[in-house]
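Below: the structure, in structure tokens.
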Amino acid sequence: KFVESGDGPPPDFLLTNPKGELHFGMEQDRILAIYVNPEHPTIAGRTVWTIGRIVATHPGLAGIHLDHCRYPRGPFGGPGAFAKFPKAMQTTLYTPYRWEVGEFLPTFLARRDATVSAIVSAVSRSLPRGMVLSAAVHPTYYEERDSSDGMIKMEAWLGQDWASWPIEYAIPMIYNTNP
């Protein structure tokens with residue numbers, strides 16, 4: 001509420017939907033979660049630094065598990081992320097048809113994949129030799145991301161190219177999906 005009550009645009013280290021809101025409406029998100037922007041250099045650096053501090057202060061730690069290492073479900077992005085989105089789509093509409101956003105989506109999703117993968121790679125490089133790295137992943141992300149027609153489902157926006165990550169274990173997160 002404090003951030004939203006400020007006079008001006010949201011800070012660039014937070015994500016917004018195409019309308020510029022910090023979170024989904026109550027019908028979609030009962031806790032009104034606010035997400036940080038993985039593309040913001042301070043966020044990526046602080047994430048790697050924080051994990052490094054945990055490792056340094058907990059000798060004998062077997063591993064690190066990355067949870068929610070992704071963009072939120074649905075179209076959220078940093079400043080200007082939706083500038084090329086058709087003007088009519090810059091609303092709280094969360095599941096547009098692919099034809100409505102044109103060529104915007106593949107480039108947008110590739111950038112998200114690269115951003116989150118870079119953070120995971122930086123975490124992996126920072127860990128001591130032999131320390132296990134695992135991540136919670138959405139197993140149907142590729143299916144939703146690569147679909148060529150129909151509506152853009154919420155999971156398509158995640159940017160979680162987990163099959164390419166330097167992790168030892170991928171833990172599937174199964175929400176409303178047939179296991």
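Because the structure is predicted, anything quoted here is derived from the model rather than measured.
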Any sub-3.5 Å donor-acceptor pair from [X]'s side-chain atoms to [Y]'s backbone N or O?
{"X": "Q160", "Y": "A136", "result": "yes"}
{"X": "H138", "Y": "T140", "result": "no"}
{"X": "N37", "Y": "D12", "result": "yes"}
{"X": "E155", "Y": "Y141", "result": "yes"}
{"X": "S126", "Y": "V123", "result": "yes"}
{"X": "T50", "Y": "R46", "result": "yes"}

Measure the shortest side-chain to side-chain distance between [X] and [Y] over non-hydrogen atoms and say whether it is less than 4.5 angstrom.
{"X": "R98", "Y": "S147", "answer": "yes"}
{"X": "L127", "Y": "I51", "answer": "yes"}
{"X": "H40", "Y": "L14", "answer": "no"}

**OP:** Name the orientation class of the two ring planes belonging to W157 and F104 (parallel below 30°, tilted from 30 to 60°, perpendicular beyond 60°).
**Re:**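 Tilted.
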Original post:
For the residue pair F82 and F108, does the interplanar ring angle fall in the parallel (under 30°), tilted (30 to 60°) or perpendicular (over 60°) class?
Top reply: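 Ring orientation of F82 relative to F108: tilted.
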Specify the closest pair of heavy atoms between [X] and [Y], including all atoms of both residues, with the distance to one decimal.
{"X": "I167", "Y": "A135", "result": "CD1-CB, 4.0 Å"}
{"X": "P72", "Y": "L15", "result": "CD-CD1, 3.5 Å"}
{"X": "V137", "Y": "A170", "result": "CG2-CB, 4.0 Å"}
{"X": "V48", "Y": "A122", "result": "CG2-CB, 3.7 Å"}
{"X": "P38", "Y": "I119", "result": "O-CD1, 3.7 Å"}
{"X": "P166", "Y": "S124", "result": "O-OG, 3.5 Å"}

Nearest-0.5 Å distance, [atom1] of residue [X] to [atom2] of residue [Y]:
{"X": "E144", "Y": "M151", "atom1": "CD", "atom2": "CE", "value": "12.0 Å"}
{"X": "L158", "Y": "R145", "atom1": "CG", "atom2": "CZ", "value": "11.0 Å"}
{"X": "L109", "Y": "I152", "atom1": "CG", "atom2": "CD1", "value": "7.5 Å"}

**OP:** Output, in order, the C-alpha distance, side-chain angles, deciding distance and verdict of side-chain contact (heavy atoms from CB on, under 4.5 Å) for L22 and N17.
**Re:** CA-CA 7 Å; L22 291 172; N17 65 23; over 6 Å; no
Check for me, please, whether [X] and [Y] land in the same ILVMFWY cluster - side-chain distances under 4.5 Å, paths through other members count.
{"X": "W165", "Y": "Y169", "value": "no"}
{"X": "L133", "Y": "I54", "value": "yes"}
{"X": "V132", "Y": "V55", "value": "no"}
{"X": "L66", "Y": "M131", "value": "yes"}
{"X": "W49", "Y": "L61", "value": "no"}

Subject >> SB check R111 E39 (cutoff 4.0 Å) >> reply: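 Yes.
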Original post:
With distance as the sole criterion, is a donor-acceptor pair present between the side chains of D161 and Y142 under 3.5 Å?
Top reply: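 Y142 and D161 do have a side-chain donor-acceptor pair below 3.5 Å.
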Original post:
Is there a donor-acceptor contact under 3.5 Å linking the side chains of D113 and Y71?
Top reply: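 No - no donor-acceptor pair under 3.5 Å links their side chains.
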**OP:** Please report the C-alpha distance between S134 and I64 in whole Å, then the side-chain angles of each, then the deciding distance to 0.1 Å, and finally whether the side-chain contact (heavy atoms from CB on, under 4.5 Å) criterion is met.
**Re:** CA-CA 6 Å; S134 65; I64 294 292; over 6 Å; no
